[in-house]
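Worksheet: one structure, shown below.
For the single chain, residues carry numbers from 1 onward in sequence order.
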Amino acid sequence: MPMESEAQRRTIARARLKFLEGAELPTPAVPERVRDSWKRSKLLGIGIDEVVVPYRPDYDRESHLMRAAAPVLDRLEQVLAGSDVCVIVTDRKGWVRDRRVGEARLMDHLDTVHLAPGFSYAEQFVGTNGIGVALEERRSSVVLGAEHFNERLQKVSCAASPIRNPISGRVAGTMNLTCWNGPASSLMAALAQEAADDIARVMYEISTSYERALLAAFRQATHYGDRPVLCIGQDLLLANAAAADRLTGDDHRLLREAAAEHGHALRTRRRVQLTGGTSALVRCRRVDSPAGTAGHLLDLAFDDVPATRKPAGAAGTRSSGGPAADAGPRALPGLAGADPAWTAASRTASRCARERVPLLIYGEAGTGKAALARAAHALTGAATAPAVVDAADPRHRAEAAGSGTGPALDPDALPRALRTAPAGQGLALVLRHLDAVTAARAQAVADALAAAAARGTWIVGTLGPAPEVPDALLRLFAEAVTVPPLRHRVADLPALAECLLRRAGAGVECSPDVLPLLRRQSWPGNVGQLESVLRKAAAGRRTYRVEPRDLPPSLHTVGRRSLSAWETAERDTLVEALLDAGGNKLLAAQRLGISRTTIYRKMRAYGITITLPTPR
């Protein structure tokens, strides 16, 4: 680590002030990595006289990274005892996870500037600093006192090196050495790199130890019998076919949380409520390895009947209808979700289908109103799908009138389509876009629907959330439900994504990193839009599962305003370049022939946020 002379410090300080005061570029005396970081910090609007960083006191102190870092930090603590050097480890997003050594005065100063466990020192919060630059550029970084963007940090110098996961090769965190300005040792950068390499080596040893222990436990549990078994480690999940066929991605999350609550107990037994209203008795056993607790083995016993039931004789049920009458709602075939509003709509639709009660289904376009009717009808054991007539279909709104200048309205077109649709016991008739029926045709349409209902047909009408429908039609329907929009069912996204990919016959699943991107969208087209996105992503995927890079560019942005066609094309080009470069902004800028500063400015303007696969 080079020593910062007083003359050099004054030169850099003057260059920084000139840069902050105007558009003048920093002098060549300022190292290139520092100049680039200053530009990014200025573009991000980082403060220069106060350190304001986020704080998260709760984090996993037994994570893979921290288990590997502990013995290295212990050794450094002994070697550097009594020195004015502080050793700091952060995760891959810049959150400080451990801090060691350092004389009291240095530790007090670091507390003052929040360089302490629980705080984030990512460049986006603090500006130019060793940790932030190392994470941003994915290489070792040295930042001397005057080179810091924030004046409060200029009393110290630091050297940081990325810690790379030896299995995936991705950055898992940083090793940082910080000391007072002055005769900084030229060995600090080398020491930081050596410590980072040591942590990576221990990570590899722990990973292989954990994986071997989990795999052995899984093989032993699944060697005999076909009961559902799940093995959960920090970066590993194993499931046999009996478990995989019954569990959704959201179920995996629920079971992982249940295993975490298991803690260090050797064996526990508890019931876990899963998606779709079902539950499972989970027998959880801790799996140990020579390096410590590797994970948990879960032996599952699913309930054939959902855990939530209505008491016999309750409103909306038959007290004499046997078990099927008082059991809670079964999962509708081809659909997914456990949102309370969705579950209530599903329950009502299933009951109306079973009891042949005419039903109105309200909801925004794409929410799955017709799909709900089809699934509820199928749940009755019907051999055929419902007949569907669309009141908004031009064929039912106008027909040729023989001569004249063009087509003329045929008042009997829609009623005739309803009268000729299959009708009778065990059949269903769905009239879509009921709100498209005009007042002039309302009575004729109502008569046609009533005639079909009289023959035992289950009648369903679908319409928008705030329709204007003639009373003659509304009086025909005894029950009504509202299907919630997708933006109100965010918790259902994992299950919905899995269901839609299965419906598409893609035979793939979503990467966990895809779900955060899906959750932050407003989905104006609701489930229909989500299905279209996933179908295209599955068709164009590059691996065995859908990754963030397979999604359209629009899902990698946080929309702030409507974009022109030219702006949309530019945004999509930037997103594709960043994804192809693995999130490396410098590489993406070089491939596009623009500066990295331009990349940052455009990302901010378009709200582009690139999510990369989680390191494994």
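- Side-chain contact between Cys284 and Arg270: absent, with no pair of heavy atoms (C-beta onward) separated by less than 4.5 Å.
- Between the SG atom of Cys179 and the CG atom of Leu106 there is a distance of 8.0 Å, given to the nearest 0.5 Å.
- In this structure, the side chains of Ser37 and Glu123 come closer than 4.5 Å at one or more pairs of heavy atoms.
- Between Arg152 and Asp49, the shortest heavy-atom distance links the atoms CG-O, 3.6 Å.
- To the nearest 0.5 angstrom, Thr293 atom OG1 is 5.0 Å from Asp288 atom CG.
- Of all heavy-atom pairs between Ala146 and Arg9, the closest is CB-CG, 3.6 Å.
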Evaluate salt bridge (charged side-chain N to carboxylate O under 4.0 Å, His left out) for Asp36 paired with Lys585, printing each intermediate quantity in order.
CA-CA 12 Å; Asp36 291 341; Lys585 302 173 188 64; over 6 Å; no
Salt bridge (charged side-chain N to carboxylate O under 4.0 Å, His left out) between Asp74 and Arg100, worked out:
CA-CA 8 Å; Asp74 292 342; Arg100 302 282 188 95; 2.8 Å; yes
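- Looking at Asn129, its side chain does come within 3.5 Å of a backbone N or O of Gly127 through a donor-acceptor pair.
- Looking at Asp91, its side chain does come within 3.5 Å of a backbone N or O of Trp95 through a donor-acceptor pair.
- Contact of the Leu496 side chain with the Leu486 side chain is registered, since non-hydrogen atoms from C-beta on lie closer than 4.5 Å.
- Here the shortest heavy-atom pairing between Gly47 and Asn150 reads O-ND2, 3.1 Å.
- Shown here are the side-chain contact (heavy atoms from CB on, under 4.5 Å) partners of Pro71, two or more places apart in sequence or in another chain: Val202.
- Panel note: side chain His64, backbone Met203; a donor-acceptor pair is recorded below 3.5 Å.
- Taking a cutoff of 4.0 Å between a charged side-chain nitrogen and a carboxylate oxygen, Arg253 and Asp251 do not qualify as a salt bridge.
- Minimum heavy-atom separation, Ile46 to Gln124: CD1-O, 3.0 Å.
- A distance-only check finds no donor-acceptor pair linking the side chain of Trp342 to the backbone of Pro485 [under 3.5 Å].
- Without hydrogens or angle criteria, Glu103 side chain to Arg105 main chain gives a donor-acceptor distance under 3.5 Å.
- Contact check for Val156 versus Val113: no side-chain heavy atoms found under the 4.5 Å cut-off.
- Note that CE of Met188 and CG of Leu177 are 5.0 Å apart. Values are rounded to the nearest 0.5 Å.
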Please test Arg164 against Arg138 for side-chain contact (heavy atoms from CB on, under 4.5 Å), starting from the C-alpha separation and ending with a verdict.
CA-CA 9 Å; Arg164 295 187 177 274; Arg138 295 179 171 83; 3.7 Å; yes
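- Between the side chains of Gln193 and Asp197, at least one donor N or O sits under 3.5 Å from an acceptor N or O.
- In this structure a side-chain-to-backbone donor-acceptor pair under 3.5 Å is missing from Arg33 to Ala134.
- The backbone N or O of Phe149 sits less than 3.5 Å from a side-chain atom of Arg16, completing a donor-acceptor pair.
- Neither side chain, Trp523 nor Glu364, offers a donor N or O lying under 3.5 Å from an acceptor on the other.
- Summarising the geometry of Val96 relative to Ala116, their closest heavy-atom pair is CB-O, 3.3 Å, with the distance given to 0.1 Å.
- No side-chain heavy atom of Asn176 sits less than 4.5 Å from a side-chain heavy atom of Ser161.
- Ring geometry for Phe19 against Trp38 counts as parallel: the plane angle stays under 30°, on a 0 to 90° scale with 60° as the upper cut.
- Here His252 contributes atom NE2 and Leu274 contributes atom CG; the two are 10.0 Å apart, rounded to the nearest 0.5 Å.
- In this structure, the side chain of Gln154 engages the main chain of His148 through a donor-acceptor pair within 3.5 Å.
- Screening Met175, Arg67, Met66 against Ile199 for a side chain to side chain contact (heavy atoms under 4.5 Å, CB included) leaves a single residue, Met175.
- Annotation: side chain of Tyr121 is in contact with side chain of Leu115 (closest heavy-atom distance under 4.5 Å).
- Contact annotation: the side chain of Leu76 approaches that of Leu191 to within less than 4.5 Å [non-hydrogen atoms, C-beta and beyond].
- In this structure, CZ on Arg14 lies 10.5 Å from CD1 on Ile12, to the nearest 0.5 angstrom.
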Could you go through the side-chain contact (heavy atoms from CB on, under 4.5 Å) check for Thr174 and Val89 one step at a time?
CA-CA 6 Å; Thr174 68; Val89 170; over 6 Å; no
side-chain contact (heavy atoms from CB on, under 4.5 Å) between Glu136 and Leu586: does it pass, once the steps are laid out?
CA-CA 10 Å; Glu136 182 62 37; Leu586 177 60; over 6 Å; no
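- Residues Glu77 and Val101 come closest through the heavy atom pair CA-CG2, 3.6 Å.
- The closest donor-acceptor contact from the side chain of Ser83 to the backbone of Leu80 lies under 3.5 Å.
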Output, in order, the C-alpha distance, side-chain angles, deciding distance and verdict of side-chain contact (heavy atoms from CB on, under 4.5 Å) for Ile594 and Leu574.
CA-CA 11 Å; Ile594 60 178; Leu574 287 170; 4.3 Å; yes
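- Heavy atoms of other residues, nucleotides or ligands lying less than 6.0 angstrom from CZ of Arg75 number more than 12.
- Between atom SG of residue Cys231 and atom CG of residue Leu298 there is a gap of 8.5 Å, rounded to the nearest 0.5 Å.
- Between Arg549 and Glu547, none of the side-chain N atoms (NZ, or NE/NH1/NH2) sits under 4.0 Å from a carboxylate O, so this pair counts as no salt bridge.
- Although no hydrogens or angles enter the test, the distance criterion places a donor-acceptor pair under 3.5 Å between the side chain of Ser41 and the main chain of Thr128.
- Among Leu230, Leu254, Val272, the one residue that satisfies the side chain to side chain contact (heavy atoms under 4.5 Å, CB included) test with Val282 is Val272.
- Two residues are said to be in side-chain contact when any heavy atoms from C-beta on lie closer than 4.5 Å; Phe119 and Leu110 fail this criterion.
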